[in-house]
Amino acid sequence: MPELPEVETTVRGLAPFLEGQRLTAVTTFRPDLRRPFPVDLAQRLTGATVTTLSRRAKYGIVSTDRDDHMIFHLGMSGRWRTEGGEAGKHDHLLLETGAGQRLFLHDPRRFGSVDLVSGDPLTRFPAFMALGPEPLADAFDAACLASALAGRRAPIKAMLLDQAIVAGLGNIYVCEALNMAKISPLKPAADISRAKLAALVPAIKQVLAAAIAAGGSTLRDFLSPEGDLGYFAKDWRVYGREGGTCECGGTIARVVQSGRSTFHCPKCQR
DNA sequence: CGAAAACCCTGAGTGC
DNA sequence: TGCACTCAGGGTTTTC
């Protein structure tokens with residue numbers, strides 16, 4: 001389940017393989033993922049040199065010296081892998097570099113996507129225009145969050161999953177941050193006190209930063225023994241721990257909100 | 001308009 | 001062993 005930290009880890013992991021490298025071949029093994037690959041993807045990328053790897057929300061960006069930017073989303077099950085020279089089941093895209101590196105985009109559920117934009121992707125990629133602030137940026141603070149949540153009656157859990165409110169959180173880190181900040185996921189967003197919001201913002205930043213740090217340390221050189229880039233295991237505070245014990249001593253509960261599991265502690269999250 | 005539900009997809013897990 | 005079924009969920013679209 002790649003959320004912001006997994007994508008950040010993936011981008012950092014891909015960087016040494018791609019930055020400064022010429023793309024000698026770009027191959028697709030099917031016409032689409034969630035949506036069609038750009039028809040001219042291979043033609044525009046082949047022969048280009050990768051300049052930088054970056055991230056916006058849950059999207060990774062591979063920029064080239066032709067001012068073309070390949071934007072990938074890992075969806076639910078996407079990852080990049082380096083092991084094995086040949087394409088296997090669920091490998092959908094292959095990047096080959098001048099150094100002889102082969103990088104496969106592997107995505108069994110195909111919820112991911114690959115797009116290509118010319119010019120600054122932050123202003124040229126439609127999906128980026130609707131995104132809220134990066135949660136780790138200084139601009140994301142209590143005032144910013146309070147303003148975005150003003151008047152919103154939906155549960156705070158749903159609001160934090162809305163990428164227009166804050167960009168990059170998924171189900172896991174929303175559950176974790178709300179537990180850390182002792183806020184009920186069921187509470188209408190606009191009803192949360194300013195003091196609680198002031199606690200929520202650093203909780204979000206801390207949960208994400210810790211996960212990125214764990215990714216970096218768990219995946220030595222960001223490459224797992226299986227050759228996967230960007231995945232790591234972690235012990236969660238509440239996620240996936242229904243019936244377990246919260247830090248406060250309470251019992252962790254699971255409820256379903258908008259068809260999605262929410263894990264929380266009814267005792268300390270109010 | 002906001003909010004909830006449907007949809008896409010396949011592997012893992014469960015019960016019989 | 002195998003089959004039917006449920007669940008996981010990010011983002012987009014549809015419905016209420």
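Since the model is a prediction, treat every value here as computed from it, not as a measurement. As a basis for the values below, the full set of heavy atoms in this structure was taken, side chains included, without hydrogen atoms, waters or symmetry mates.
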Inset, instruction - Output yes when at least one side-chain N/O atom of Q163(A) is less than 4.0 Å from OP1 or OP2 of dG10(C), else no. - result: no
Legend entry - Nearest listed nucleotide, side chain of P108(A), among dT10(B), dG10(C), dA8(C): dT10(B)
Inset, instruction - Determine the contact category for R254(A): base if any of its heavy atoms lies under 4.0 Å from a base atom, sugar-phosphate if only primed atoms, P, OP1 or OP2 are that close, otherwise nothing. - result: sugar-phosphate
Legend entry - Carboxylate-amine/guanidinium proximity below 4.0 Å for E6(A) and R79(A): no
Inset, instruction - Describe the nucleic acid contact of R110(A) in one word from base, sugar-phosphate, nothing, applying a heavy-atom distance below 4.0 Å. - result: sugar-phosphate
Legend entry - Listed nucleotide nearest any side-chain atom of S258(A), set dT10(B), dG11(C), dA4(B): dA4(B)
Legend entry - Within 6.0 Å of CG in D138(A), more than 12 heavy atoms from elsewhere: no
Legend entry - Nucleotide dG10(C), atom P - distance to CD of Q257(A) in whole Å: 13 Å
Inset, instruction - Identify the residue among F72(A), F104(A), F17(A) that makes a ring-ring contact (aromatic ring centres under 6.0 Å, His included) with W80(A). - result: F72(A)
Inset, instruction - Flag yes if L105(A) and M70(A) sit in one hydrophobic cluster, no otherwise; membership is Ile, Leu, Val, Met, Phe, Trp, Tyr, and two members link when side-chain heavy atoms are under 4.5 Å apart. - result: yes
Inset, instruction - Among dG11(C), dT10(B), dA3(B), find the nucleotide with the atom closest to the side chain of M159(A). - result: dA3(B)
Legend entry - Given dG11(C), dG10(C), dT12(C), the nucleotide with the shortest approach to the side chain of E3(A): dG10(C)
Legend entry - Rounded interatomic separation in angstrom, taking CD1 from I165(A) and P from dG11(C): 14 Å
Inset, instruction - Rounded off to whole Å, could you give me the CG-to-P distance for the L161(A) and dG9(C) pair? - result: 10 Å
Inset, instruction - Please list residues of residues 144-154 of chain A whose heavy atoms come under 4.0 Å from any atom in DNA chain C, ordered by number; otherwise none. - result: none
Legend entry - For atom CG of N171(A) and atom C1' of dC7(C), their distance in whole Å: 13 Å
Legend entry - F111(A) aromatic ring stacked with six-membered ring of dG11(C), 5.5 Å and 30°: no
Inset, instruction - Figure out the OH/C1' separation between Y173(A) and dG10(C), and round it to whole Å. - result: 15 Å
Inset, instruction - Taking only the side-chain nitrogens and oxygens of H90(A), find out if one of them lies under 4.0 Å from OP1 or OP2 of dC9(B). - result: no
Inset, instruction - Take atom CZ of F128(A) and atom P of dT12(C), then tell me their distance rounded to the nearest Å. - result: 11 Å
Inset, instruction - For S113(A), answer base if it contacts any base atom (sugar-phosphate contacts may also be present), sugar-phosphate if it contacts only those atoms, and nothing otherwise; contact means non-hydrogen atoms under 4.0 Å. - result: nothing
Legend entry - Distance in angstrom units between E242(A) CD and dA8(C) P, rounded: 10 Å
Inset, instruction - Kindly state each residue pair satisfying side-chain hydrogen bond (donor to acceptor under 3.5 Å, both in side chains) with at least one member in residues 185-196 of chain A, sequence neighbours excluded. - result: R153(A)-D191(A)
Inset, instruction - Could you check how far CZ of R109(A) sits from C1' of dG9(C), rounded to whole Å? - result: 8 Å
Inset, instruction - Return yes when atom CZ of R124(A) has more than 12 non-hydrogen atoms of other residues, nucleotides or ligands closer than 6.0 Å, and no otherwise. - result: no
Inset, instruction - State which residue, out of E3(A), K157(A), Q257(A), fulfils the side chain to side chain donor-acceptor pair (under 3.5 Å) condition with N171(A). - result: K157(A)
Legend entry - Nearest-nucleotide comparison on DNA chain B, the residue closer to the 5′ end among R260(A) and P155(A): P155(A)
Inset, instruction - Output yes when at least one side-chain N/O atom of H73(A) is less than 4.0 Å from OP1 or OP2 of dG11(C), else no. - result: yes
Inset, instruction - Measure from the side-chain heavy atoms of R35(A) and tell me the nearest of dG11(B), dG9(C), dT12(C). - result: dT12(C)
Inset, instruction - Compare side-chain N and O positions of K89(A) against OP1 and OP2 of dT10(B) and report whether any pair is under 4.0 Å apart. - result: no
Inset, instruction - Would you check if the side chain of H92(A) reaches a backbone N or O of D107(A) as a donor-acceptor pair within less than 3.5 Å? - result: yes
Legend entry - side-chain N/O S77(A) vs dG11(B) OP1/OP2, d < 4.0 Å: no
